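Keep in mind that what you see is a predicted model, and the values were worked out from it rather than measured. Below, all heavy atoms of this structure are taken into account, side chains as well, without hydrogens, waters or symmetry copies.
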2 protein chains.
Amino acid sequence: MSDLLERLRGRGWRMTAQRRVVAEVLDGEHVHLTADEVHSRAVAKLPEISRATVYNTLGELVSLGEVLEVATDKRAKRYDPNAHRPHHHLVCAQCGAIRDVHPNGNPLADLPSSERFGFTVSDVEVTYRGICPNCAAAA
Amino acid sequence: MSDLLERLRGRGWRMTAQRRVVAEVLDGEHVHLTADEVHSRAVAKLPEISRATVYNTLGELVSLGEVLEVATDKRAKRYDPNAHRPHHHLVCAQCGAIRDVHPNGNPLADLPSSERFGFTVSDVEVTYRGICPNCAAAA
DNA sequence: ATCCTACAATGGACAATGTCTAAGTCAAAT
DNA sequence: ATTTGACTTAGACATTGTCCATTGTAGGAT
Ligand SMILES: [Mn+2]
Ligand SMILES: [Mn+2]
Ligand SMILES: [Zn+2]
Ligand SMILES: [Zn+2]
């Protein structure tokens with residue numbers, strides 16, 4: 001995710017300790033944190049970082065297309081740094097664990113024009129739900 | 001939706017003015033209201049109905065499988081009385097209008113086991129996004 | 001028709017999530 | 001080193017949702 005920081009510097013972003021920390025927290029695979037989780041982890045690295053800054057920074061990253069907002073649970077939005085390769089999500093209905101998945105086929109092609117109601121359809125999100133191996137083992 | 005009231009009576013539901021009003025508000029096609037919208041419309045019919053009762057009733061309807069919770073926008077949950085025929089959603093990215101859609105194919109079959117990470121996958125939600133005819137005309 | 005009581009409704013406190021602003025701070029250009 | 005406007009902060013406020021003690025009532029029993 002240091003390439004992210006590079007790209008942002010190139011776009012005229014002022015590089016602050018807070019933004020570096022948020023970027024660090026978002027680094028990794030299968031990362032889908034809520035704003036509050038991002039804040040907690042950021043505070044561990046930079047105790048004085050404020051909630052508002054985390055929200056602001058996440059919002060900016062979303063506007064820039066560097067992070068995606070996903071709504072896999074019905075409470076808080078989650079922030080997904082894997083914005084470059086399109087993908088969908090597989091969510092454990094029990095513990096909420098989230099994995100990135102790449103299904104076959106193109107769901108957009110499966111929506112016939114008779115089911116489009118005159119909309120110009122440009123995008124599709126797919127969320128699979130099930131039980132993860134951990135939760136299955138604990139049952 | 002009077003058949004809904006019948007089914008609920010059969011399940012031992014006490015029939016109250018409040019529950020009748022909530023059921024009335026949820027009647028119709030392509031209905032996907034937030035709890036607050038349900039409350040507003042219910043108040044128009046029964047001014048003294050409380051927010052708590054609307055939340056309680058919606059929660060009960062969801063537990064009974066008579067209404068679905070959907071998360072097509074990233075703020076409030078929406079309540080969908082079309083719980084009997086499985087379907088997906090088409091959402092206007094501009095105005096938020098929601099239509100029920102029935103795509104071809106089965107997205108569950110498109111998730112190969114190599115992409116299941118040991119999960120037992122049981123369900124899939126698909127949300128199409130685009131621009132509705134109204135918003136396109138206004139542009 | 002009246003009574004009883006378990007179930008339901010109410011209002012308001014509280015919690016979780018998200019937005020906004022005024023004032024102070026600091027990155028980076030000069 | 002100075003300057004400047006972008007950035008951060010704390011906390012008020014807004015929205016969405018939950019909980020609980022109290023009050024009300026639907027529907028069965030008499
Ligand atoms: Mn993802
Ligand atoms: Mn629907
Ligand atoms: Zn799990
Ligand atoms: Zn629209």
Side-chain angles (χ1 to χ4, degrees), chain A residues 5-25 32-43 45-64 66-80 96, chain B residues 4-25 32-64 66-80 96:
Chain A
L5 291 179
E6 275 317 312
R7 277 200 302 284
L8 295 174
R9 208 190 311 268
R11 295 215 215 183
W13 249 35
R14 205 174 270 191
M15 203 41 53
T16 68
Q18 291 84 349
R19 286 170 170 179
R20 255 189 299 269
V21 162
V22 169
E24 272 177 44
V25 167
H32 306 87
L33 299 169
T34 65
D36 221 47
E37 288 165 350
V38 172
H39 181 235
S40 298
R41 298 187 186 198
V43 162
K45 295 166 183 277
L46 183 68
E48 67 273 24
I49 191 173
S50 73
R51 251 169 33 93
T53 293
V54 170
Y55 275 99
N56 287 342
T57 304
L58 291 172
E60 289 156 8
L61 289 169
V62 169
S63 293
L64 293 173
E66 297 288 353
V67 165
L68 299 175
E69 260 176 8
V70 298
T72 52
D73 74 28
K74 297 183 178 69
R75 298 180 220 185
K77 293 174 194 167
R78 291 184 174 274
Y79 292 89
D80 185 345
Chain B
L4 166 61
L5 291 178
E6 276 317 312
R7 278 199 303 282
L8 295 174
R9 208 190 313 267
R11 296 214 218 181
W13 247 37
R14 205 174 269 190
M15 202 42 52
T16 68
Q18 290 84 349
R19 285 170 170 180
R20 256 189 299 269
V21 163
V22 169
E24 271 177 44
V25 167
H32 306 87
L33 300 169
T34 66
D36 220 49
E37 287 166 351
V38 172
H39 182 235
S40 297
R41 298 187 187 200
V43 162
K45 295 166 183 278
L46 183 68
E48 67 274 23
I49 192 173
S50 73
R51 249 168 35 96
T53 293
V54 170
Y55 274 99
N56 287 341
T57 304
L58 291 172
E60 289 156 6
L61 289 169
V62 170
S63 293
L64 293 173
E66 297 288 353
V67 164
L68 299 175
E69 261 176 7
V70 297
T72 52
D73 76 28
K74 297 183 178 70
R75 298 181 220 186
K77 294 174 193 167
R78 291 183 173 273
Y79 293 88
D80 184 345

Find the distance [X]:[atom1] to [N]:[atom2] and express it as a whole number of Å.
X: B:Lys77; N: C:dG18; atom1: NZ; atom2: P; value: 13 Å
X: A:Arg75; N: C:dG18; atom1: CZ; atom2: P; value: 12 Å
X: A:Tyr55; N: C:dT21; atom1: OH; atom2: P; value: 17 Å

Report the residue (B:Trp13 or B:Ala76) whose heavy-atom-nearest nucleotide on DNA chain D is the more 5′ of the two.
->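 Its nearest nucleotide being more 5', the pick is B:Ala76.
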
When you look at A:Arg11 and A:Glu66, which way does the salt bridge (charged side-chain N to carboxylate O under 4.0 Å, His left out) test go after all the steps?
-> CA-CA 12 Å; A:Arg11 295 215 215 183; A:Glu66 297 288 353; 3.2 Å; yes

Name the first nucleotide and the last nucleotide along DNA chain D (5' to 3') that come under 4.0 Å of a heavy atom in chain B.
->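 Terminal contacting nucleotides, 5' to 3': D:dT16 to D:dG27.
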
If you look only at pairs with a residue in residues 51-63 of chain A, which of them pass as a salt bridge (charged side-chain N to carboxylate O under 4.0 Å, His left out), with sequence neighbours excluded?
->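 For residues 51-63 of chain A: A:Arg19-A:Glu60.
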
List for me each residue that meets salt bridge (Lys or Arg N to Asp or Glu O under 4.0 Å) alongside [X], sequence neighbours excluded, and say none if there are none.
X: A:Lys45; answer: A:Glu24
X: B:Arg41; answer: none
X: B:Asp36; answer: none
X: B:Arg14; answer: none

List for me each residue that meets side-chain hydrogen bond (donor to acceptor under 3.5 Å, both in side chains) alongside A:Ser50, sequence neighbours excluded, and say none if there are none.
->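 In terms of side-chain hydrogen bond (donor to acceptor under 3.5 Å, both in side chains), with neighbours along the sequence ignored, A:Ser50 is linked to A:Thr53.
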
Just the table, please: protein N/O against nucleotides 9-14 of chain C N/O, every pair under 3.5 Å.
| residue | atom | partner | partner atom | Å |
| --- | --- | --- | --- | --- |
| C:dA9 | OP1 | B:Thr16 | OG1 | 2.7 |
| C:dA9 | O3' | B:Gln18 | NE2 | 2.7 |
| C:dT10 | OP1 | B:Gln18 | NE2 | 3.2 |
| C:dT10 | OP1 | B:Glu48 | O | 2.8 |
| C:dT10 | OP2 | B:Ser50 | N | 3.0 |
| C:dT10 | OP2 | B:Ser50 | OG | 3.2 |
| C:dT10 | OP2 | B:Thr53 | OG1 | 2.8 |

Partners meeting side chain to side chain contact (heavy atoms under 4.5 Å, CB included) with B:Arg75 (sequence neighbours left out) =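 Partners of B:Arg75 by the side chain to side chain contact (heavy atoms under 4.5 Å, CB included) criterion, ordered by chain and then number, come out as B:Asp73.
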
